[in-house]
Amino acid sequence: MATASFNSEQARAPPAIPMPPPCLTKFKIGLCQLSVTPDKDRNIAHARTAVQDAASKGAQLVLLPVSSFFFFFSPSFCFIGSITPLGIVSVSLSRQEIWNSPYSNDSFPVYAEDIDADASPSTAMLSELSRLLKITIVGGSIPERSGGRLYNTCCVFGTDGKLLAKHRKIHLFDIDIPGKITFIESKTLTAGETPTIVDTEVGRIGMGICYDIRFPELAMIYAARGAHLLCYPGAFNMTTGPLHWELLQRARATDNQLYVATCSPARDTGSGYVAWGHSTLVGPFGEVLATTEHEEAIIIAEIDYSILEQRRTSLPVTKQRRGDLYQLVDFQRLTSQ
């Protein structure tokens with residue numbers, strides 16, 4: 001059967017959108033792998049300094065990690081939480097017997113911010129910096145309080161300081177690996193309802209947060225919407241990090257032939273939750289272009305979008321899909337038509 005008869009364009013419903021010409025073909029990205037503490041004011045000030053540092057080194061896009069002041073837990077505990085009338089998350093920790101992680105009896109209140117009501121010191125700082133430094137910022141993630149619910153939210157700010165997009169984590173981290181880690185994120189958080197893709201001065205970016213990276217369908221939807229780059233602030237742990245963190249990034253980049261950038265907090269072995277670290281930039285052939293270990297670091301790397309078309313021409317999988325056998329449906333686009 002000839003390739004033309006495979007109906008490759010029907011493998012995506014609606015049909016895929018070509019990548020738009022980016023404003024910049026080549027630019028530098030900064031990945032800020034930061035240590036995070038229970039002191040929110042310190043975290044905001046520290047992030048400000050890191051963003052300024054990355055910009056001074058030429059970064060036109062800066063990515064921050066998941067804000068770990070959002071919640072603290074130990075791999076030796078099960079997370080159970082609820083939202084109080086003040087919008088503060090009440091957290092209780094039930095002990096599990098785990099040999100390879102520290103115990104903690106502390107319970108940290110979690111302070112959510114109302115982004116839509118301009119009551120968010122974290123996003124105010126990011127907005128100010130993006131405007132002053134004339135850069136695009138993917139602002140990691142912070143707890144967002146909205147309508148009596150709590151979301152894990154990532155905000156993207158343009159070079160004019162305006163909020164371009166807000167991604168609420170779609171896939172919640174509800175897992176139970178016997179003898180390793182139990183975490184029930186849905187006890188406290190509400191899942192986001194929509195994929196988030198945003199046009200910026202550094203290209204069209206598809207957004208995800210941490211656990212979202214495990215779902216290839218979301219990345220494929222972004223690719224079908226013409227994304228150049230996928231950004232995932234995240235904090236994989238010491239169980240899943242060594243096994244899956246780099247693997248998933250390279251898989252999403254390879255499957256969709258685009259760039260993938262991730263940013264993790266730095267590792268703190270004395271905290272309740274120990275992050276794997278290893279913030280990374282992956283190219284469209286699945287090649288690791290830049291990465292680091294687990295300490296604090298600011299990674300500066302170059303993105304060159306001209307390579308995307310080269311890769312897709314050399315390996316034309318988009319033209320070889322079997323639309324006669326399978327189909328990815330983007331319900332949001334389909335219902336909006």
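Remember, predicted model here, so these are calculated numbers, not experimental data.
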Problem - Inter-residue atom distance Leu229.CG - Leu308.CG, 0.5 Å rounding - result: 9.5 Å
Problem - Side chain proximity check, Asn237 to Val274, heavy atoms < 4.5 angstrom - result: no
Exercise for the section: Run the numbers on His228 and Tyr305 for ring-ring contact (aromatic ring centres under 6.0 Å, His included), then give the verdict. Expected result: CA-CA 7 Å; His228 302 99; Tyr305 288 145; 4.7 Å; yes
Practice task
May I ask you to decide if Thr262's main-chain N or O and Thr280's side chain share a donor-acceptor pair within less than 3.5 Å?
Solution key: no
Practice task
Would you mind reporting whether Val202 and Cys23 have side-chain heavy atoms less than 4.5 Å apart?
Solution key: no
Practice task
Would you check if the side chain of Asp114 reaches a backbone N or O of Ala119 as a donor-acceptor pair within less than 3.5 Å?
Solution key: no
Handout entry: Heavy-atom side-chain contact between Arg312 and Leu258 under 4.5 Å
Key = yes
Problem - Donor-acceptor pair, side chain of Thr254 and main chain of Ala251, under 3.5 angstrom - result: no
Exercise for the section: Using a cut-off of 6.0 Å, state whether more than 12 heavy atoms not belonging to Glu295 lie near its atom CD. Expected result: yes
Problem - Minimum side-chain heavy-atom gap Leu61-Val138 below 4.5 Å - result: yes
Exercise for the section: In plain terms, say whether Glu144 and Arg168 are close enough for a salt bridge, that is, a side-chain N and a carboxylate O under 4.0 Å apart. Expected result: yes
Fill in the blank from the handout: Note: Ile137 and Val51 closest approach over all heavy atoms is CD1-CG1, 3.9 Å
Exercise for the section: Look at the side chain of Asp116 and the backbone N and O of Ser146, then say whether any donor-acceptor pair between them is shorter than 3.5 Å. Expected result: no
Problem - Flag, side chain of Gln33 to backbone of Ile298, donor-acceptor distance under 3.5 Å - result: no
Practice task
Would you please say whether a donor-acceptor pair under 3.5 Å links the side chains of Gln332 and Arg225?
Solution key: yes
Exercise for the section: State whether Arg131 and Asp160 are salt-bridged, where the test is any N-O pair (Lys NZ or Arg NE/NH1/NH2 against Asp/Glu carboxylate O) under 4.0 Å. Expected result: no
Practice task
Please confirm whether the backbone N or O of Ile170 pairs with a side-chain atom of Tyr211, one donor and one acceptor, at under 3.5 Å?
Solution key: no
Practice task
Decide yes or no for Tyr326 and Arg321: does some side-chain heavy atom of the first lie under 4.5 Å from some side-chain heavy atom of the second?
Solution key: yes
Problem - CA sep, side-chain torsions, deciding dist, call: Glu113, Ser122, side chain to side chain donor-acceptor pair (under 3.5 Å) - result: CA-CA 8 Å; Glu113 300 179 2; Ser122 301; 2.9 Å; yes
Exercise for the section: Check whether any side-chain N or O of Ser56 sits under 3.5 Å from a backbone N or O of Asp53 as a donor-acceptor pair, and report yes or no. Expected result: yes
Exercise for the section: Hey, can you tell me if Phe236 and Trp245 have their rings parallel, tilted or perpendicular (30° and 60° cut-offs)? Expected result: tilted
Problem - Backbone N/O of Gly270 and side chain of Asp268: donor-acceptor pair under 3.5 Å - result: yes
Problem - Spacing of Thr49 atom OG1 and His46 atom NE2 [to the nearest 0.5 Å] - result: 7.5 Å
Handout entry: Polar side chain donor-acceptor pair, Thr136 to Glu201, under 3.5 angstrom
Key = no
Exercise for the section: Tell me, with the steps shown, if Ser306 and Asp304 meet side chain to side chain donor-acceptor pair (under 3.5 Å). Expected result: CA-CA 5 Å; Ser306 68; Asp304 183 356; 2.7 Å; yes
Exercise for the section: Using modelled atom types only, decide if a donor and an acceptor are shared between the side chain of Ser130 and the backbone of Phe157 within a distance under 3.5 Å. Expected result: no
Practice task
Identify whether the distance between the nearest side-chain nitrogen and carboxylate oxygen of Glu296 and Arg267 falls below 4.0 Å.
Solution key: no
Exercise for the section: Would you sort out whether Arg149 and Thr188 count as a side chain to side chain donor-acceptor pair (under 3.5 Å), showing the intermediate values? Expected result: CA-CA 9 Å; Arg149 295 182 176 181; Thr188 300; over 6 Å; no
Handout entry: Asp330/Arg12 salt bridge by N-O under 4.0 Å criterion
Key = no
Exercise for the section: Using a 4.5 Å cut-off on heavy atoms from C-beta on, say whether the side chain of His278 contacts that of Thr292. Expected result: no
Practice task
May I ask you to decide if Ser186's main-chain N or O and Asp174's side chain share a donor-acceptor pair within less than 3.5 Å?
Solution key: yes
